[in-house]
Amino acid sequence: MSGWTGCESTAVLPFRPMLDPRVLADRRDEIASNCQRRGVTVDVDAAVAAHERVTVQQTALNDQNRARNEHQKSGRKQLSPEEREAHVAEGRRLKESVGEIEGQLADAQAELNRLMAAIPNFAHPDSPVGGEKDFRVLRTVGEPRRFDFAPLDHLAIAERLDLVDFESGAKVSGPKFYYLKNEAVLLDMALQRYALDIVTAEGFTPFITPDLARRDIVDAMAFSPRDAATQIYSVADSELDLIGTAEITLGGLYQDEIVDESELPIRLAGVSHCYRTEAGSAGRESKGLYRVHQFSKVEMFVLTRPEDSAAMHDEILAIEEKIFQGLEIPYRVIDIAIGDLGAPAYRKFDIEAWMPGRGENGDYGEVTSASNCTDFQARRLRARFRRAETRKNELLHTLNGTAVAVTRTLIPVLENHQDSDGSIAIPKALQPYMGLERIGPR
RNA sequence: GGAGAGGUGGCGGAGUCCGGUUGAACGUGCCUGACUCGAAAUCAGGUGAAGGCGCAAGCCUUCCGUGGGUUCGAAUCCCACCCUCUCCGCCA
């Protein structure tokens with residue numbers, strides 16, 4: 001069903017760098033050390049050199065075009081046959097010369113494009129240095145519950161209450177697919193409605209977005225590298241990908257748009273299905289609902305002025321915490337280390353919920369993620385705003401955060417609220433959406 | 001899926017048959033100034049984006065759905081593609 005669709009055309013790509021090429025030379029050392037700390041190998045000097053070549057060719061092309069325009073203007077008046085002939089010959093010469101420079105410019109741009117595509121965003125100075133295990137715990141909220149019986153993990157709970165069918169998921173669609181059944185269906189929808197009501201109250205405009213998006217939009221959002229380790233399913237014989245998150249389709253809304261400063265910040269909430277190949281994660285927490293190929297999610301996406309994005313990042317995180325507090329689930333907030341940031345993220349905070357069935361004696365597991373991507377995605381999207389004071393257009397900052405990722409959230413809900421008789425107490429905040437106070441026992 | 005119409009600046013809308021002083025008439029919206037105690041109305045001027053050079057003022061280039069082609073020169077001619085709208089059919 002997935003598979004590449006032969007889109008590796010060699011035509012000149014749209015020039016959409018992730019960083020402003022004009023800062024390449026100025027911040028050369030900073031970029032190089034940032035790449036190094038992120039564990040990305042990039043030839044910054046080659047990129048600087050390529051940018052210089054682009055500039056030189058661009059200037060040459062401008063000059064040549066001007067000469068050509070002047071020549072054309074002079075050809076508008078009446079000319080004798082001999083004059084006309086000479087004029088046409090000179091025009092031909094100029095035309096050839098322009099074509100030659102255009103070719104060189106295209107080559108230089110392709111080279112610059114190629115080199116810049118590998119350069120990730122800058123990182124926040126406070127982000128911990130290191131990799132996946134080097135996160136910093138910002139705070140821990142709520143006490144993990146002490147059970148007076150042996151708690152089950154969500155797999156056992158789901159089986160006992162007949163809530164999830166993994167075997168049929170594997171039979172019909174493959175490993176890491178699943179069917180939700182019975183009250184799990186209600187729980188899925190209740191979680192979405194619950195999260196949606198909270199974010200709507202916080203000023204987010206709700207959307208149900210397409211689940212597929214054009215490849216160029218997916219690339220602009222830089223959701224994952226488009227290589228062998230891609231997280232993205234592509235639809236054969238089309239230019240479409242299945243989205244990994246509504247962040248992609250919500251961001252795409254603003255491609256090539258210039259919004260008025262007075263409209264900012266723009267808060268969007270997208271409900272969508274999310275599809276992930278989970279390439280390279282075989283055997284990693286592969287049991288149950290933690291890592292699956294498809295799930296439903298309510299995602300927050302915000303566009304701000306550059307000076308407002310840091311505060312907005314905190315705001316998004318606070319909403320995520322509010323959602324988990326309402327679900328009565330203990331959690332901790334972590335500041336992701338630089339080496340574990342995706343290419344577009346400048347800084348990332350995750351909420352890890354307490355999952356009693358995880359590991360030997362329970363453990364925290366990621367349930368949400370909030371990223372400030374600064375102008376990285378906006379530059380590729382060409383998403384800008386007009387600043388009232390200067391009347392100039394500037395790149396927006398984009399942020400995204402999980403309101404609720406259903407399957408990941410189902411785990412702590414089931415595991416934390418189980419009782420000794422095998423039933424599940426529905427958190428008060430969720431009851432109005434469920435129409436139930438309890439699942440089971442049975 | 002069949003038939004037709006069309007894609008031009010913030011918006012509306014000329015120009016395309018007969019290629020050249022058209023970055024683009026005209027209207028409208030918006031900004032500035034004049035008038036006014038203010039406002040409206042009226043008058044005058046201004047008002048797109050991207051990129052290059054420059055300390056700056058500024059100068060220059062590119063862009064009329066997208067990509068090619070013809071030509072000394074294309075919004076205007078040719079080819080392909082994309083999208084939108086209307087009608088018919090089909091369908092959750």
Side-chain angles (χ1 to χ4, degrees), chain A residues 5-26 47-113 116 208 210-217 219-220 235 237-240 252-264 273 375 378-396:
Chain A
T5 56
C7 61
E8 308 309 314
S9 127
T10 51
V12 179
L13 298 163
F15 186 55
R16 297 209 291 197
M18 302 183 177
L19 293 179
D20 185 342
R22 284 171 293 194
V23 309
L24 265 177
D26 291 348
V48 171
H51 181 242
E52 256 164 50
R53 281 200 300 282
V54 167
T55 299
V56 167
Q57 295 298 337
Q58 181 70 254
T59 303
L61 181 61
N62 279 179
D63 290 345
Q64 205 60 22
N65 272 329
R66 187 181 45 226
R68 198 183 179 197
N69 286 340
E70 280 162 7
H71 175 258
Q72 280 162 210
K73 271 185 193 153
S74 71
R76 282 174 191 149
K77 57 189 175 219
Q78 287 287 6
L79 296 173
S80 69
E82 303 83 62
E83 284 172 327
R84 175 58 65 186
E85 196 178 321
H87 181 265
V88 167
E90 173 64 6
R92 272 208 191 94
R93 194 189 65 75
L94 284 167
K95 182 185 179 179
E96 271 173 34
S97 162
V98 165
E100 203 173 299
I101 295 169
E102 277 176 343
Q104 286 167 11
L105 175 61
D107 289 347
Q109 274 179 338
E111 173 73 356
L112 177 58
N113 223 7
M116 298 256 346
I208 292 179
D211 286 346
L212 291 85
R214 292 175 177 286
R215 193 145 303 140
D216 59 307
I217 301 277
D219 285 343
V235 178
D237 302 319
S238 84
E239 282 296 304
L240 293 172
L253 237 26
Y254 286 89
Q255 179 166 51
D256 288 313
E257 296 294 325
I258 301 171
V259 302
D260 201 87
E261 184 178 3
S262 63
E263 296 172 50
L264 298 173
H273 292 114
D375 61 10
R379 179 170 297 106
R380 311 194 79 206
L381 238 24
R382 295 177 299 272
R384 291 156 294 164
F385 75 101
R386 181 182 303 276
R387 192 180 284 281
E389 195 186 339
T390 60
R391 306 187 75 185
K392 295 273 187 203
N393 296 328
E394 294 179 38
L395 290 169
L396 290 157

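Below, chain A is the first sequence line, B the second, and so on; all start at residue 1.
- Heavy-atom nearest nucleotides on RNA chain B were determined for A:Val88 and for A:Asn393, and the one closer to the 5' end corresponds to A:Asn393.
- B:G19 sits 15 Å from B:C64 when the C1' atoms are compared, rounded to a whole Å.
- Listed nucleotides: B:G52, B:A49, B:G73. Nearest to the side chain of A:Arg386: B:A49.
- We find that NE2 of A:His51 is positioned 10 Å from P of B:G51, with the value rounded to whole Å.
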- Audit row: A:Glu394, A:Asp375, side-chain contact (heavy atoms from CB on, under 4.5 Å) steps and yes/no: CA-CA 9 Å; A:Glu394 294 179 38; A:Asp375 61 10; over 6 Å; no
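- The separation between A:Asp256 atom CG and B:G65 atom C1' is 13 Å, rounded to whole Å.
- Projected onto RNA chain B by closest heavy-atom contact, A:Gly91 and A:Thr55 fall at different nucleotides, the more 5' of which corresponds to A:Thr55.
- Put simply, the side chain of A:Arg380 gets close to the backbone of A:Asp219: a donor and an acceptor are under 3.5 Å apart.
- Only the C1' atoms considered, B:G89 is 40 Å distant from B:A74, to the nearest whole Å.
- Residue A:Asp63 is out of contact with every strand shown, counting any heavy-atom pair closer than 4.0 Å.
- The pair A:Asp256-A:Arg382 meets the salt-bridge criterion, since a charged nitrogen lies less than 4.0 angstrom from a carboxylate oxygen.
- Under 4.0 angstrom from either OP1 or OP2 of B:G51 there lies no side-chain N or O belonging to A:Asn62.
- Using N1 to N3 plus N6-O4 or O6-N4 for Watson-Crick, or N1-O2 and O6-N3 for G-U wobble, each under 3.5 Å, B:A74 pairs with nothing.
- The side chain of A:Gln58 has B:G51 as its nearest neighbour among B:C53, B:U61, B:G51.
- For A:Asn69 against B:G73, a side-chain-to-base donor-acceptor contact under 3.5 Å is absent.
- Look at the P atom in both B:G4 and B:U22: the space between them is 37 Å, to the nearest Å.
- In this structure, the CD atom of A:Glu239 is 16 Å from the C1' atom of B:C83, given to the nearest Å.
- The partner of B:C85 is B:G4, judged by Watson-Crick or G-U wobble contacts that both fall below 3.5 Å.
- A:Arg384 comes within 4.0 angstrom of sugar-phosphate atoms only, judged by non-hydrogen atoms across all strands, and of no base.
- Atom pair A:Arg379:CZ and B:A50:P shows a separation of 13 Å (rounding to whole Å applied).
- The NE2 atom of A:His71 sits 16 Å away from the C1' atom of B:U21 (whole-angstrom rounding).
- The same atom, P, is picked in B:U8 and in B:G67; the two are 16 Å apart, to the nearest Å.
- Here the P atom of nucleotide B:A49 and the NZ atom of A:Lys392 are 8 Å apart, to the nearest Å.
- Looking at A:Glu100 and A:Gln64, their side chains never come closer than 4.5 Å, going by heavy atoms from C-beta outward.
- Comparing B:A25 with B:C83, their C1' atoms are spaced 27 Å from each other, to the whole Å.
- B:G58 and B:C53 make up a base pair, with Watson-Crick or G-U wobble contacts both under 3.5 Å.
- Between A:Arg93 and A:Glu90 there is a salt bridge, since at least one side-chain N of the basic residue sits less than 4.0 Å from a carboxylate O of the acidic one.
- On the P atoms, B:A41 is 39 Å away from B:U84, given to the nearest whole Å.
- Across all strands shown, the partner of B:C63 is B:G48, judged by Watson-Crick or G-U wobble contacts whose two distances both fall under 3.5 Å.
- For A:Arg66, the listed nucleotide lying nearest its side chain is B:U61; candidates were B:U61, B:G73, B:C53.
- Figure legend. B:C43 is base-paired to B:G33; pairs are counted as Watson-Crick or G-U wobble with both atom distances under 3.5 Å.
- More than 12 heavy atoms of other residues, nucleotides or ligands sit less than 6.0 Å from atom CZ of A:Arg53.
- In this structure, A:Arg68 reaches the sugar-phosphate backbone alone: every heavy-atom distance under 4.0 Å involves primed, P, OP1 or OP2 atoms, never a base.
- Applying the Watson-Crick and G-U wobble criteria (two distances, each under 3.5 Å), B:C11 pairs with B:G27.
- The nearest whole Å value for the distance from the CG atom in A:Asp260 to the C1' atom in B:G48 is 15 Å.
- Of the P atoms belonging to B:U86 and B:U32, the separation is 40 Å, rounded to the nearest Å.
- Across the strands present, B:C17 finds no partner; the criterion is a Watson-Crick or G-U wobble pair with both atom distances under 3.5 angstrom.
- Spacing between B:G1 and B:G69 at atom C1', rounded to whole Å, works out to 32 Å.
- Across A:Asn393 and A:Ile258, no two heavy atoms sit closer than the pair OD1-CG2, 3.5 Å.
- The separation between A:Lys95 atom NZ and B:U71 atom C1' is 6 Å, rounded to whole Å.
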